[in-house]
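Written out below as structure tokens is the structure these notes cover.
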Amino acid sequence: MASTTRTAVSPFLDPGPRTKANSLAILQLSRDNLQPVYLQSPTGVHDGYAEGAVVNTRYGSFPHSTMLNVPWGSQIRASKVDTGSRGRKRKRGSGDDACREATGASEKDNEDSAAAANEDSAAGVKQAVADSSGFIHILPPTPELWTTSLPHRTQVVYTPDYSYILHRIRARPGSVLIEAGAGSGSFTHASVRAVYNGYPSEGQRKGKVFSFEFHEQRYHKMKKELSDHGLGGLVHLTHRDVYNGGFLVDGKSPEAEAIFLDLPAPWEALPHLSRRRPQSSTSADEQTEWVSPLNPKKSAYICTFSPCIEQVTRTVSAMRRLGWVDIDMIEIANRKLHTSRERVGLNLNFDRGVNNSARDVEEALTRLADIEARFREHAAKPRDGDEDMDSGDEDAVPAGKSSGPTNGSDGPSAEETSSGVPPWMEGRLITRGEPEIKTHTSYLVFAILPWSGRGG
Amino acid sequence: MHSVVRPNAWVALKLPSGSTKVLQIAPNTTISLGKYGNVSSNLIIGRPYHLTFELQDKLPDENFSRLRVVPASELHAEAIAEEEAAGCSTPAAGAADAVISATDGEEFSLFDDKGNVVARSNHEVIDENARQTLTQDEIEELKREGNNAGKDVIAKLLLSHTALDQKTSFSLAKYKLLKTKKYIRRFQVLPIDVANFAHWQLEERDANKIMDMRAEMIGLVGCWGNVHFGGDDVLLEDPKASTAQGEEACLPVNQDLLQGRWLVVDDTCGLLVAAMAERMGVLYEDEGKEAEGQTEEQNGAAVEQAATATEPQELQVRPAVPEPVGQDNADTEMADASTTPVKRQSDGKPKQQKPRPSDFAIPYSQTNSITVIHGASQPNLSLLNYWGFDITSPNHPPHPLLNHLLNLTWLQLLKPELDTSYSTPPLTATPETLASWKPSRRGNFHRKRRRYARIRHIVDSTRAGNFSGLVCASTMDPISILRHTLPLLAGGAPVAIYAPTVEALAAVSDCFSVPRRTAWVSGNVPEIEGLSHEELERWEGNERFPLNPTLLQGVSIQTSRARRWQVLPGRTHPLMTERGGADGYVFTAWRCKPAEGKVAAKGKFKRRKVETESEAATPA
């Protein structure tokens, strides 16, 4: 609870109109190819690049300087970046990857490129030169974009699941939410956005997420990530095994109204989430006063996230014994749809994705009749021995072609077909599922723990 | 969201039959639960939500049923007992007498090793009427006696069923459940929040009204639209315009203050707006109070000094100034009956002591707001009445939506000069003239001036653009909506469009297809040659390019479906039937700012097909 006052609002909650230095941005390389980047002000040669820090992608190289202080959503052109000599340099150098400081790199080098680099750092940073091709888009971070681009540590709770969960557990501005099993942090980011109603000043109660992570390495990574994202004041992350340790923070109750458990054994954690001391607790702690982590004046909503049905059975059984009501088990099936143009017909270009068979019975009929007529015409001619077979074939193929005026060299130019319909409007508009779908993520168990009305 | 039932709050009563009753809990009234009996509203008021109550037998000298809170252990008694029975190795041991258990696996072994029948398979069809020895009259008699909250009836029914021993354990459990649903006198009180309300509207009321929008879709649209709390309220300072001043005294729109605003097109009668308001923390009154409290700290000074020379005595909308919310203000009869104007009595307290703001004071927050664009002259947001907000009420008691919900028509957005209320300059009058008028005329004068200032602010600030996102659930063609709203979105702002069926969304998606985008940027499009960057941003569309295909990135369509399961010991499986109808689809994308001039994609360069090579390699 140390960090209370913060001047900078997280880019997840208010990105501002333009990109800023030392802040997270999401680079969209292609449709589903996203890359998170912390933009840096160019201070000099960086990692061997004269332009400062550079992002290299298959769509070109993008110095951070070209992505700073631009409106969000901007299309960024690739720059001409000297990647080649840098690569050679590093091979010849000590081979030390840790030596990323520009000064170190340029000191070792006495090549002319290094001289140029020195010149640049003296004069500032080399101005990026736009490349002739290649671009990306720069987007403000949102939990959805982060979820698709984040570094995986555990199984990720994806948007179709967390959007439904947050809606069902009533995570709203001002709510206090407990999350156990922070994992990769996708749910954490989404839940912060849901409960956010301003950064709390001293002693103020605002929407907050109390997150618990058992795995120490993940905890440290998560901690860094949250502070990098400006969410430190809104998420209280604790390194703890909640099965034994429970959910109190510094001995105090977080007073939560919403709970999300992404744990292998939710039933082990559930007794801690009672309103009164659970019966199973050991006699040793009976002397001490038992504090509930739940808000004593509100119903508590819970969701557990378990992949196996056996986990669900045990969780539901534990919930029934601990006084939870409205127990509801749900499985979310999400499908993405791709739209495309289905182009079928004999008189279409031989483009990729075009099915050059008859579009309908009439088209097939016309072609068959055409072939038949030519065949008869041919048969009527005097025969000439074994040429028969070949010429028959030769005739049949042009017969098909003749009904397709767009084929061959006499076809129309690139832009339009002879019918005047541009290629992107040809055919029927269709939707189809993506090639691989997630058929099962996890079972979601929802329940509510009412309060008695007498407090406590 | 309140944690207890407040007087006059809208609540949902869940009955044993599974149906829900949505009603307003007025004090000192009797609520009918149909065949389950009547309950006095005063017994519910002040109780926490989510408790299950049981109607007890009337005491001899009382004419109402007292309520008993049914503990969760009792609600789950059967399931717990079944689990325990299943835990024992011997079937039909102890607990099985008390409860009807279906977990012994008898279904699959009809005979035990001595050849005794332990359970029947369902080959013998049981005709229930023939086997139930109690007549309907006798059942009615039992119900009238009404002992033990209906549990006696259920027990008697089970005992007098002649074929009870012929039932399989599964059908027995089902039989008991059926009878329990019919006779047990219990109900649960649920709060009217967006999730509960939408569920009720979808499953039991009129799904059409909310465009078949299921909970999954509400969640998806909200998340992909990135709808969240958009910052503490920022109110503009009162210009303190005197009544002699006209439009020149109106506050100009300050673009720097505008942030955290979402643009909405809502044909779900306000459910979408309610869902967004819930996500932004401006739907429930007590939450609003907090926000308004802060507002006052920031702007109180301005409001306090906002005395004008003349003080209108008449009706006034004072949303920005918080005052104690009397729940009993809300006096709605039918919350969503949009045709009947909702009666609202103003609280009998003396008018505010604080000086009133001038006519040109803008009550709307510059942040954390929802701007609704509507096709009719008034927006249809009738469902918001369930949350105590009535958009048609001229003299509204305080509600957080009052200064966070802005609405304007498409005409006001696109051709404001044709809209009378926007283009007619405000009336002016010197204080002397004004003083000579009758109060009613004076009232009208102030009302019109206030109306003018508000419409002007809404239209100008909306046209200034820079919205944080667009969320849409509309029966209108989404392409036409996007054509006019895309220019209003800030760079990187998300777009989330809900539609019950996929066709319209597929058509939008096709406007941004890779071949179309490639053709657009190839430089061979005669119609866009010579157009400036700004003109392209506001591209009016033609048949070949209905929208500027470079304005959105990451175009995607998805659908989600929640499958519900029954979780019972030994009987866990997905539900056999669920609501069908429209699946519901969500279109998502981000607004982007295309670079000026020609941009070529990087990729493998094939000489043979010059015109299609870029297509294959175009990112997204």
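The sequence lines fix the lettering, A, B, ..., with proteins before strands; numbering per chain opens at 1. Any value given below was found using the heavy atoms of this structure, including those in side chains, with hydrogens, waters and symmetry copies removed. Note that this is a predicted model, so its numbers are computed, not measured.
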Please test Thr572(B) against Val312(A) for side-chain contact (heavy atoms from CB on, under 4.5 Å), starting from the C-alpha separation and ending with a verdict. CA-CA 10 Å; Thr572(B) 298; Val312(A) 170; 5.9 Å; no
Selection from [options] maximising heavy-atom pairs under 4.5 Å formed with chain B:
options                                    : value
Pro140(A), Pro71(A), Gly207(A)             : Pro140(A)
Leu145(A), Val195(A), Thr313(A), Leu166(A) : Leu145(A)
Lys336(A), Glu257(A), Arg168(A)            : Lys336(A)
Glu434(A), Arg341(A), His338(A)            : Arg341(A)

Considering only heavy atoms and a distance below 4.5 Å, find which of Pro594(B), Ser513(B), Ala215(B) pairs most often with chain A. Ala215(B)
Do you know which of Thr588(B), Leu51(B), Asp510(B), Asn368(B) has the most heavy-atom pairs with chain A at a distance under 4.5 angstrom?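 Ranked by heavy-atom pairs under 4.5 Å with chain A, first place is Asp510(B).
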Check the side chains of Asn226(B) and Glu144(A) for a donor-acceptor pair under 3.5 angstrom, ignoring hydrogens and angles.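 No, no side-chain donor-acceptor contact under 3.5 Å.
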Indicate whether any N or O donor in one side chain lies under 3.5 Å from an N or O acceptor in the other, for Glu216(B) and Asn334(A).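 No, Asn334(A) and Glu216(B) have no side-chain donor paired with an acceptor closer than 3.5 Å.
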Would you mind reporting whether [Y] and [X] have side-chain heavy atoms less than 4.5 Å apart?
X         : Y         : value
Arg516(B) : Met425(A) : yes
Ser560(B) : Tyr164(A) : no
Phe587(B) : Leu337(A) : no

What are the two closest non-hydrogen atoms of Gln259(B) and Asp14(A), and how far apart are they? OE1-OD2, 2.8 Å
Ionic contact status for Arg321(A) with Glu84(B), cut-off 4.0 Å: yes
Carboxylate-amine/guanidinium contact Arg170(A) Glu278(B), below 4.0 Å: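 Not counted as a salt bridge, because no side-chain N and carboxylate O are separated by less than 4.0 Å.
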Approximate separation, where rounding is to 0.5 Å, of Cys223(B) SG and Ile165(A) CD1: 10.5 Å
Side chain, backbone, both or neither: which part of Val316(A) has an atom under 4.5 Å from a heavy atom of chain B? side chain
Using a 6.0 Å cut-off, check whether atom CZ of Arg18(A) has over 12 heavy atoms from anything other than its own residue. yes
Check the pair Phe545(B), Trp424(A) against ring-ring contact (aromatic ring centres under 6.0 Å, His included), reporting the backbone distance first and the verdict last. CA-CA 10 Å; Phe545(B) 298 98; Trp424(A) 61 87; 5.1 Å; yes
Describe, in one word, how the ring planes of Trp565(B) and Tyr443(A) are oriented to each other, choosing from parallel (under 30°), tilted (30 to 60°) and perpendicular (over 60°). perpendicular
Which atoms of Gln566(B) approach chain A - backbone, side chain, both or neither, heavy atom under 4.5 Å: neither
